[in-house]
Amino acid sequence: MARRHLRVVTCADRAWSCELEADELPLDWRRSEAAHSSFRVTSEPELEALALKIANDMGLGYSSQDWLDTGTRWLFIDLNPAGQWLFLPEPVCSQVSAAVARYLEHA
């Protein structure tokens, strides 16, 4: 059973995480219209390090990843190398946008 849904966004060597309580949501939170505006900024250094490792191992400069927190472990759901982040709350969406712009500028 999922406790939280997490969206982890990576760009170059940085990662940001946002959480969504899983109560009363379908397993695929995207099926709930309200979920798209309900994420909260969180700090999950261990999870962010895992997300960065996956992105780096795949040679990706950017990734948007979905994870589940069961309360005892992290479950990796998917990775999208062009996934969305603008629905995430501030300051995450602005920080990711700036990081992507810097990455593209130097690519």
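FYI, side chains are in, hydrogens and waters are out, and symmetry mates aren't considered; it's all heavy atoms of this structure.
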Classify the side-chain pair Ser17/Glu48 by whether it contains a donor and acceptor separated by less than 3.5 Å.
-> yes
Are [Y] and [X] connected into the same hydrophobic cluster when the rule is that any two of I, L, V, M, F, W, Y join if their side-chain heavy atoms are below 4.5 Å apart?
X: Trp67; Y: Leu60; result: yes
X: Leu6; Y: Ile77; result: no
X: Met58; Y: Leu47; result: yes
X: Val8; Y: Leu50; result: yes
X: Leu86; Y: Tyr62; result: yes

Got more than 12 heavy atoms from elsewhere within 6.0 Å of CD, Glu46?
-> no
Is it true that Arg4 and Glu21 make a salt bridge, defined as a side-chain N closer than 4.0 Å to a carboxylate O?
-> no
Within a strict 4.5 Å, meaning less than it, do heavy atoms of the [X] and [Y] side chains meet?
X: Leu88; Y: Arg7; result: yes
X: Arg14; Y: Gln95; result: yes
X: Gln65; Y: Val9; result: no
X: Leu25; Y: Leu20; result: yes
X: Cys18; Y: Trp85; result: no
X: Leu27; Y: Leu68; result: yes
X: Pro91; Y: Val41; result: yes

Please answer whether the main-chain N or O of Gln84 pairs with a side-chain N or O of Ser64 as donor and acceptor at a distance below 3.5 Å.
-> yes
Do Thr70 side-chain atoms and Thr72 backbone N/O form a donor-acceptor pair below 3.5 Å?
-> yes
Contacts of Phe39 that satisfy ring pair (Phe, Tyr, Trp, His ring centres under 6.0 Å) - sequence neighbours left out | Trp29, Phe87
Looking only at heavy atoms, which two atoms of Ala12 and Tyr103 are closest? And how far apart?
-> CB-CD1, 4.2 Å
Between Ala34 and Ser38 the two heavy atoms that sit nearest each other are O-OG, 2.7 Å
Would you compute the distance between atom [atom1] of [X] and atom [atom2] of [Y] and round it to the nearest 0.5 angstrom?
X: Arg102; Y: Leu104; atom1: CZ; atom2: CG; answer: 11.0 Å
X: Thr10; Y: Leu52; atom1: OG1; atom2: CG; answer: 5.5 Å
X: Trp74; Y: Asp69; atom1: CH2; atom2: CG; answer: 4.5 Å

